[in-house]
Amino acid sequence: MLSIYNTLTGKKEPYHSLQPKTVRMYVCGVTVYDYCHLGHARSALVFDMIRRYLEYSGYTVKFVKNFTDVDDKIIKRANEQGVSCEEITFKYTQAYYEDMAKLGILPASKEPKATEHMEDIKTLIDKLVKKDIAYQVDGDVYFQVERYPAYGRLSKRRLNDMQAGARVEVDERKRHPMDFALWKSSKPGEPSWESPWGAGRPGWHIECSAMSMRHLGETFDIHGGGMDLIFPHHENEIAQSCGATGKEFARYWIHNGFVQINQEKMSKSLGNFFTIREIFEKSPWPQEETGEMLRYFLLGTHYRSPLDFSDQSLQEAKNALDGFYDLFQRLSETEQRTTCDGELVSTVDRARMAYSQPLDDDFNTPMALAVIQNLRGNVNRLLEQGLSTESRQRARAAFREFGNVLGLFQLVKWQFYQVTLKGFEEVPVRGVEQARVKEVLSETDVEIKLTERNEARKQKNFKKADEIRQFLASHGIVIEDKPDGTSRWKR
RNA sequence: GGCGCCGUACCCAAGUGGUUAAGGGAGCAGUCUGCAAAACUGCGAUGCAGCGGUUCGACCCCGCUCGGCGCCUCCA
């Protein structure tokens with residue numbers, strides 16, 4: 001039985017879909033005016049995991065994630081660079097897809113754009129104006145918060161409290177300082193669409209209401225996003241949507257915590273952010289592995305907690321992951337003994353049950369990882385006592401199955417033979433000492449040396465064997481001798 | 001000023017009103033190994049920021065204090 005922490009009620013609640021076996025879920029995506037940073041990655045990854053787990057649990061998931069492609073920031077960026085808004089949004093939408101692919105984040109089932117939903121947006125605003133919940137001032141349309149009595153129920157704020165704290169200049173034309181724009185008249189040169197209120201563009205919040213209702217219906221199951229969207233974005237979405245339809249909007253509100261650097265929120269204004277591509281570029285490890293390291297790191301903390309990013313944390317994730325892939329290598333080797341084949345089956349079954357328990361409890365991925373870590377230990381033990389080739393494949397398949405929910409353990413090659421490092425002079429690793437790789441040895445080079453060494457070992461020439469080991473080690477090659485006299489190696 | 005979050009071993013990080021406070025990383029010791037690596041085994045918080053309170057019993061509930069952070073303005 002899945003339960004989810006619902007921001008709306010402030011409690012963990014049993015989850016029930018409105019339609020049986022189907023989840024309709026909307027997540028606020030990004031405004032495409034710049035490269036994504038790690039914070040965006042976390043949010044995307046958290047909801048990707050939730051989506052995957054829901055599917056793993058047998059639900060069909062209608063997952064909608066939007067792109068905001070009309071916005072002040074886009075206009076500003078376009079003006080700065082002297083290019084059109086379309087060029088900006090196209091460029092960063094492409095970049096988004098590239099970054100997400102590297103992180104192993106699956107595309108949503110629908111990825112709508114605000115600019116493609118102008119009719120829906122205008123219809124929705126019109127409805128609010130007709131119901132007298134929104135009002136027009138010159139070419140702008142505002143939502144009147146006092147006309148929605150439940151305003152503040154998501155963020156647990158009262159209108160009066162907020163009024164006291166408001167320290168921005170209030171537009172005198174607004175009836176209440178918290179009233180927000182549904183439609184903004186456009187200045188010359190800005191993107192604009194015709195409307196009953198004049199040429200203009202939609203406010204930020206209305207697009208999500210329009211797009212979610214278009215693709216998921218007026219009432220749907222889950223709405224998610226980063227913590228910082230609770231107010232005002234999601235609060236306003238609720239007001240607009242419920243105001244327009246008179247029905248409940250989203251039923252479960254899920255919000256992920258921030259990525260921090262040294263205990264502080266990662267943000268543009270603080271200048272302490274890392275873009276996703278920057279992390280990949282600076283990583284001394286190949287792309288697939290860096291992606292997996294990031295996922296392991298990001299899912300190692302519960303989605304609602306803040307999490308601090310550092311190079312050390314990434315390295316720790318890699319070390320933890322290495323243990324798995326070392327095991328997977330051994331599982332790929334053949335074996336006749338069947339001593340523990342029976343026990344393996346029950347071990348995997350037990351793990352399967354233990355696995356979904358924490359994930360059912362508000363998506364507790366750290367605990368789920370602990371279950372998989374336990375399974376790793378158990379399989380290692382059984383492996384030592386004897387697991388047949390078939391059982392080894394079964395074990396590997398189990399890791400694939402569990403790992404798929406978290407986007408882990410899907411690689412066929414990690415290290416052991418196939419890996420090539422990128423960049424070979426000096427690879428700076430922030431915070432840690434410099435990783436240095438002197439020169440590249442090709443796989444053939446390594447194989448030749450290895451054969452040479454095993455010859456030497458056969459002849460008990462351990463001095464020579466150790467020299468070769470040392471030589472290879474100085475080139476970042478680690479040798480593992482197997483009981484049968486042959487060796488495996490990894491970089 | 002309003003609303004809210006966090007403080008668990010060297011580091012990361014789960015968790016429960018009452019059996020031994022998960023798991024990982026790092027470290028140490030041992031087994032194995034020609035050596036090594038990997039793997040396995042063992043060690044590691046008598047305590048969960050501090051102080052009070054509720055309770056038969058609290059790390060977990062309540063209050064206060066200290067420390068750190070977030071939202072209230074665009075923000076994942």
Side-chain angles (χ1 to χ4, degrees), chain A residues 7 10 27-31 33-34 36-47 68 71-73 76 152 155-169 178 204 224-233 235 255-260 262-270 273 296-297 300-302 304-308 310 312-313 315-323 326-327 329-330 354 358 361 364-374 376-377 379-381 383-385 416 457 460-463 465-466 469-470 473 478-483 487-490:
Chain A
T7 309
V27 171
C28 290
V30 292
T31 301
Y33 77 105
D34 206 345
C36 289
H37 63 227
L38 234 206
H40 299 107
R42 184 183 192 193
S43 185
L45 179 63
V46 161
F47 290 101
T68 297
D71 180 85
D72 291 348
K73 293 192 291 291
K76 187 171 167 235
S155 55
K156 316 279 185 281
R157 292 153 208 259
R158 281 167 303 179
L159 234 28
N160 293 341
D161 295 339
M162 289 188 280
Q163 208 175 346
R167 44 189 153 83
V168 241
E169 265 184 66
M178 295 309 293
W204 176 35
M227 287 259 163
D228 46 358
L229 296 183
I230 294 173
F231 190 89
H233 186 53
E235 193 67 66
H255 294 96
N256 66 276
F258 296 127
V259 175
Q260 309 183 144
N262 295 324
Q263 313 289 311
E264 278 184 321
K265 177 182 173 180
M266 180 186 288
S267 74
K268 300 252 159 113
S269 49
L270 286 167
F273 62 93
Y296 192 96
F297 158 67
T301 299
H302 185 83
R304 282 191 282 120
S305 302
L307 128 169
D308 228 278
S310 66
Q312 189 195 328
S313 58
Q315 184 60 45
E316 283 186 9
K318 188 208 177 321
N319 292 348
L321 241 14
D322 277 348
D326 283 355
L327 168 62
Q329 167 59 26
R330 271 170 267 128
D361 184 10
N364 191 333
T365 52
M367 214 180 188
L369 283 173
V371 171
I372 303 181
Q373 286 286 3
N374 278 320
R376 180 176 71 91
V379 171
N380 265 319
R381 227 164 289 129
L383 194 62
E384 233 166 42
Q385 294 168 50
F416 290 110
R457 286 172 70 215
K460 306 279 184 208
N461 186 351
F462 296 123
K463 185 167 178 289
D466 287 347
R469 174 192 288 288
Q470 212 163 26
V478 178
I479 301 167
E480 288 186 17
D481 292 334
K482 297 198 274 187
S487 311
R488 60 172 89 95
W489 62 275
K490 61 180 173 180

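Residue numbers begin at 1 in each chain, while the letters A, B, ... track the order of the sequences.
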Give one of base, sugar-phosphate or nothing for [X], where a contact means two heavy atoms less than 4.0 Å apart.
{"X": "A:Arg304", "result": "nothing"}
{"X": "A:Lys265", "result": "base"}
{"X": "A:Ser313", "result": "nothing"}
{"X": "A:Asn319", "result": "sugar-phosphate"}
{"X": "A:Gly257", "result": "base"}
{"X": "A:Met266", "result": "base"}
{"X": "A:Asn256", "result": "base"}
{"X": "A:His37", "result": "base"}
{"X": "A:Gly39", "result": "base"}
{"X": "A:Arg381", "result": "sugar-phosphate"}
{"X": "A:Phe231", "result": "sugar-phosphate"}
{"X": "A:Asp72", "result": "nothing"}
{"X": "A:Asp308", "result": "nothing"}

With RNA chain B as reference, determine whether A:Ser43 or A:Phe297 sits nearer its 5' end, using the nearest nucleotide of each.
A:Phe297
Heavy-atom nearest nucleotide on RNA chain B for A:Val478 versus A:Gly300: which residue maps closer to 5'?
A:Gly300
Under 3.5 Å for both donor-acceptor distances, Watson-Crick or wobble: does B:C28 have a partner, and if so which one?
B:G42
Which nucleotide, if any, forms a Watson-Crick or G-U wobble pair with B:G34, using both distances under 3.5 Å?
none
Take the protein atom CG of A:Leu307 and the nucleotide atom P of B:A13, then report the distance between them rounded to whole Å.
7 Å
OP1 or OP2 of B:A39 versus the side-chain N and O atoms of A:Arg376: is any pair under 4.0 Å?
yes
